[in-house]
Amino acid sequence: MEKKPFVTLEQLKEITKEYPTPFHLYDEKGIRENAERLKEAFAWNKGFKEYFAVKATPNPFILKILKEHGCGTDCSSMTELMMSHACGFKEHEIMFSSNDTPAEEFRFANDLGAVINLDDFTHIQYLEDAIGGIPETISCRYNPGGLFKISNDIMDNPGDAKYGMTTEQIFDAFKILKEKGAKYFGIHAFLASNTVTNEYYPMLAKVLFEVAVRLHKETGANIRFINLSGGIGIPYSPDQEPNDIKVIGEGVRKVYEEVLVPAGMGDVALYTELGRFMLGPYGCLVTKAIHEKHTYKEYVGVDACAVNLMRPAVYGAYHHITVAGKEGMACDHTYDVVGSLCENCDKFAIDRSLPEIEKGDLLVIHDTGAHGFSMGYNYNGKLKSAELLLKEDGSVEMIRRAETAKDYFATFDFCEVMKDYS
Ligand SMILES: *Cc1c(COP(=O)(O)O)cnc(C)c1O
């Protein structure tokens, strides 16, 4: 499918008059429409709720938008809990799906009344010690082990993943938690990441629903919700077919009616913890071409680098690039599009066919709305960019300013000279 940016060159020219490149830009309209599509796809399930994975795009303005569409938050750390709290998410609107969790984070999550999702069997005791009891509502993360396959395609390798409890452990966990006073139970699993197939959620649902029925029968636990977690992907490359959330919702419904309803569990709420699917396509990184270099290859140097978007450098991930205003032109040049880090992996694209790029051209790097800005770091003393929101009325709001040298130097008190840099 052809990939088109959600902004035009004309809009970008206006935006860059006020905000220097690079910046991440988010599309409010796209975010809202997509959140509604998800809600509709699961409207058949009475208790359905999406807990947006904060780590994908930890910005309070984005969280507020999603809140207006009925989303809660899924947190994995102290600061994500704090941000959720500050945005007005309350009690069971917050899911705490952490792992390797420090005691103070369990305490804070419990103080907020968040749903705690235990990653490990040993965390039962650890949590009890940390908060002085077991909450009434508790969730456990399940890992069935082995390979996760759809037909003959290996989707992912849960047996190799650090997350979740084994089958035996989750049965023991439910029994012990029940003895310790837990009343309402949830189950969670995340078995494959960035899936671009309508089969993943229904397959995962089958695994989770079947184990839920057995857990209910064997332990008597009152299972209130099943959390399908994240993992619904997006088509980063133009040759991928996007997921159809309506088809996914119906696929899960079918399994729900086959497995849960006959077991008398037709009132179990379904939760999701999507990050990438909620935000990925509705953000882009806008950067300017500042250099061209002709050596053994053709390079275009841009003013963004892996600090702004590390997926290509770390995972070799594909991010589509559009040269703004040159959408219709032939892609008859081959470039490596590179950033300025002293790391050869700092390449947004390698041997990419693009139209001829001139210095000053604006490049739109697609699908950076999730796990984009948030994975950023400060290597080479580089500063993080601003985040901007393209609002539904076409205006632009800065929802996070760019870092300054002052921010970078803020964590040590060395000398007056540094304090003066801005
Ligand atoms: C990262 C994560 C998510 C979101 O994953 P996406 O691939 O962005 O949908 C959800 N739940 C947990 C526990 C996670 O770690």
Side-chain angles (χ1 to χ4, degrees), residues 26 31 34-35 37-38 41-42 49-59 62-63 66 71-81 83-84 89 93-101 105-106 109 114-120 123 138-143 148 155-158 160-165 186-198 200-201 204-205 208 225-236 240 242-243 245 248-249 252 270-283 309-311 314-315 317 319 367-375:
Y26 301 96
I31 295 169
N34 185 61
R37 279 195 294 272
L38 173 72
F42 285 91
K49 195 170 182 74
E50 151 71 2
Y51 290 84
F52 175 65
V54 177
K55 71 164 193 261
T57 323
N59 186 301
I62 301 286
L63 298 189
L66 293 171
C71 298
T73 58
D74 161 39
C75 301
S76 57
S77 67
M78 194 70 144
T79 49
E80 290 178 2
L81 286 168
M83 193 184 285
S84 300
F89 292 92
E93 291 167 357
I94 305 173
M95 182 73 59
F96 189 45
S97 291
S98 58
N99 70 95
D100 191 20
T101 314
E105 298 192 7
F106 274 138
V115 179
I116 292 176
N117 183 25
L118 294 176
D119 179 66
D120 187 41
H123 291 187
I138 192 87
S139 175
C140 291
R141 183 165 182 168
Y142 178 48
N143 182 337
F148 190 78
M155 302 298 293
D156 224 316
N157 187 354
D160 207 28
K162 67 172 177 169
Y163 311 107
M165 307 181 192
I187 314 174
H188 166 285
F190 190 160
L191 302 186
S193 189
N194 191 28
T195 58
V196 192
T197 160
N198 296 330
Y200 169 64
Y201 251 20
L204 168 71
L208 277 175
F225 61 86
I226 295 174
N227 185 342
L228 301 174
S229 185
I232 297 187
I234 57 167
Y236 283 100
Q240 287 176 304
N243 287 315
I245 198 64
I248 291 174
V252 173
L270 292 186
Y271 297 162
T272 55
E273 285 176 346
L274 297 168
R276 199 183 309 271
F277 182 78
M278 300 307 285
L279 254 299
Y282 313 109
L309 175 69
M310 72 192 291
R311 297 185 73 258
V314 175
Y315 308 127
H319 278 265
D367 301 316
T368 67
H371 312 294
F373 179 94
S374 63
M375 287 178 84

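Remember, it's 1-based here, ligands and their atoms both numbered in the order they're listed. Just so we're clear, the structure is a prediction, and the values are computed from it rather than from any experiment. Computed over heavy atoms, backbone and side chain alike; hydrogens, waters and symmetry mates excluded.
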Asker: My understanding is that only one of Thr101, Asn117, Val115 makes a side chain to side chain contact (heavy atoms under 4.5 Å, CB included) with Phe96; could you say which?
Answerer: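 For Phe96, the side chain to side chain contact (heavy atoms under 4.5 Å, CB included) test succeeds with only one of Thr101, Asn117, Val115, which is Thr101.
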Asker: If you measure from each heavy atom of Asn194 to ligand 1, is any distance below 4.0 Å?
Answerer: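 Not so, Asn194 does not reach ligand 1.
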Asker: For ligand 1, does Asp74 get within less than 4.0 Å through its side chain, its backbone, both, or neither, judged by non-hydrogen atoms?
Answerer: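 Asp74 to ligand 1: side-chain contact only, backbone stays beyond 4.0 Å.
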Asker: Under the 3.5 angstrom rule, does the side chain of Tyr200 hit a backbone N or O of Ala192 as a donor-acceptor pair?
Answerer: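 Yes, the answer is positive, given that a donor and an acceptor are paired below the 3.5 Å cut-off.
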Asker: So if I count the atoms of ligand 1 from 1 in the order they appear, which ones are less than 4.0 Å from some heavy atom of Gly230?
Answerer: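 Those qualifying, in numeric order: 5 (O), 9 (O), 10 (C).
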Asker: Does any non-hydrogen side-chain atom of Leu66 lie less than 4.5 Å from one of Ile31?
Answerer: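 They are in side-chain contact.
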Asker: In the structure I gave you, are the side-chain heavy atoms of Lys49 and Met95 within less than 4.5 Å of one another anywhere?
Answerer: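 Lys49 does not reach Met95 side chain to side chain.
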Asker: Ignoring hydrogens and geometry, is there a side-chain-to-backbone donor-acceptor pair from Asn227 to Gly186 under 3.5 Å?
Answerer: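 No: the side chain of Asn227 does not pair with the backbone of Gly186.
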Asker: Return yes when Ser229 approaches ligand 1 closer than 4.0 angstrom through a heavy atom, no otherwise.
Answerer: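 Ser229 counts as a contact of ligand 1 under the 4.0 Å cut-off.
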Asker: If you take all heavy atoms of Leu38 and Leu274, which pair is closest and at what distance?
Answerer: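 Answer, listing the atom of Leu38 first, then Leu274: CD1-CD1, 3.9 Å.
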Asker: Where's the contact between Arg141 and ligand 1, heavy-atom distance under 4.0 Å: side chain, backbone, both or neither?
Answerer: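 Answer for Arg141: side chain.
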Asker: Please list, in number order, the atoms of ligand 1 under 4.0 Å from a heavy atom of Gly275.
Answerer: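 Close to Gly275: 4 (C), 6 (P), 8 (O), 9 (O).
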Asker: Can you report which non-hydrogen protein atom sits closest to atom 10 (C) of ligand 1, along with the distance?
Answerer: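 In this structure, atom 10 (C) of ligand 1 has Glu273 O, 3.0 Å as its nearest protein heavy atom.
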Asker: At less than 4.0 angstrom from any non-hydrogen atom of Leu274, what atoms of ligand 1 do you find?
Answerer: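 This gives 9 (O) as the contact atoms.
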Asker: For the backbone of Asp100 and the side chain of Asp119, can you confirm whether one donor and one acceptor N or O come within less than 3.5 Å of each other?
Answerer: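 Looks like no, no N/O pair under 3.5 Å.
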Asker: Can you report which non-hydrogen protein atom sits closest to atom 5 (O) of ligand 1, along with the distance?
Answerer: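 Looking only at protein heavy atoms, the one closest to atom 5 (O) of ligand 1 is Phe190 CE1, 3.5 Å.
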Asker: Please confirm whether His371 approaches ligand 1 to less than 4.0 Å, judged on its heavy atoms.
Answerer: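 It does, in that a heavy atom of His371 comes within the 4.0 Å cut-off of ligand 1.
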Asker: Compare all side-chain heavy atoms of Phe373 with those of Tyr26 and state whether any distance is below 4.5 angstrom.
Answerer: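 A side-chain contact under 4.5 Å exists here.
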Asker: Suppose I only count heavy atoms of Arg276 and a 4.0 Å limit; which atoms of ligand 1 are within that range?
Answerer: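 Answer, ordered by atom number: 6 (P), 7 (O), 8 (O), 9 (O).
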Asker: Between Met278, Met95, His188, Lys55, flag the one that comes closest to atom 14 (C) of ligand 1 by a heavy atom.
Answerer: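 Going through Met278, Met95, His188, Lys55 one by one, Lys55 has the nearest heavy atom to atom 14 (C) of ligand 1.
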Asker: Measure from atom 7 (O) of ligand 1 to every heavy atom in Ala370, Ser97, Cys75, Gly231 and give the option owning the shortest one.
Answerer: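 The residue whose heavy atom sits nearest atom 7 (O) of ligand 1 is Gly231.
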Asker: Mind checking whether Ala53 contacts ligand 1 via backbone (N, CA, C, O), side chain (CB onward), both or neither, at a 4.0 Å heavy-atom cut-off?
Answerer: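 Near ligand 1, Ala53 shows its side chain, while the N, CA, C and O stay back.
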Asker: Go through it in stages, so that I can follow the logic: the residues are Ser98 and Glu105, the test is side-chain hydrogen bond (donor to acceptor under 3.5 Å, both in side chains), and I'd like the CA-CA distance, side-chain angles, deciding distance and then a yes or no.
Answerer: CA-CA 9 Å; Ser98 58; Glu105 298 192 7; 5.7 Å; no
Asker: Of all the heavy atoms in Phe277, does at least one lie under 4.0 Å from an atom in ligand 1?
Answerer: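 The answer is no: ligand 1 sits nowhere under 4.0 Å from a heavy atom of Phe277.
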Asker: Keeping the roles fixed (side chain from Asp367, backbone from His319), state whether a donor-acceptor pair exists under 3.5 Å.
Answerer: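 Such a contact is absent between Asp367 side chain and His319 backbone.
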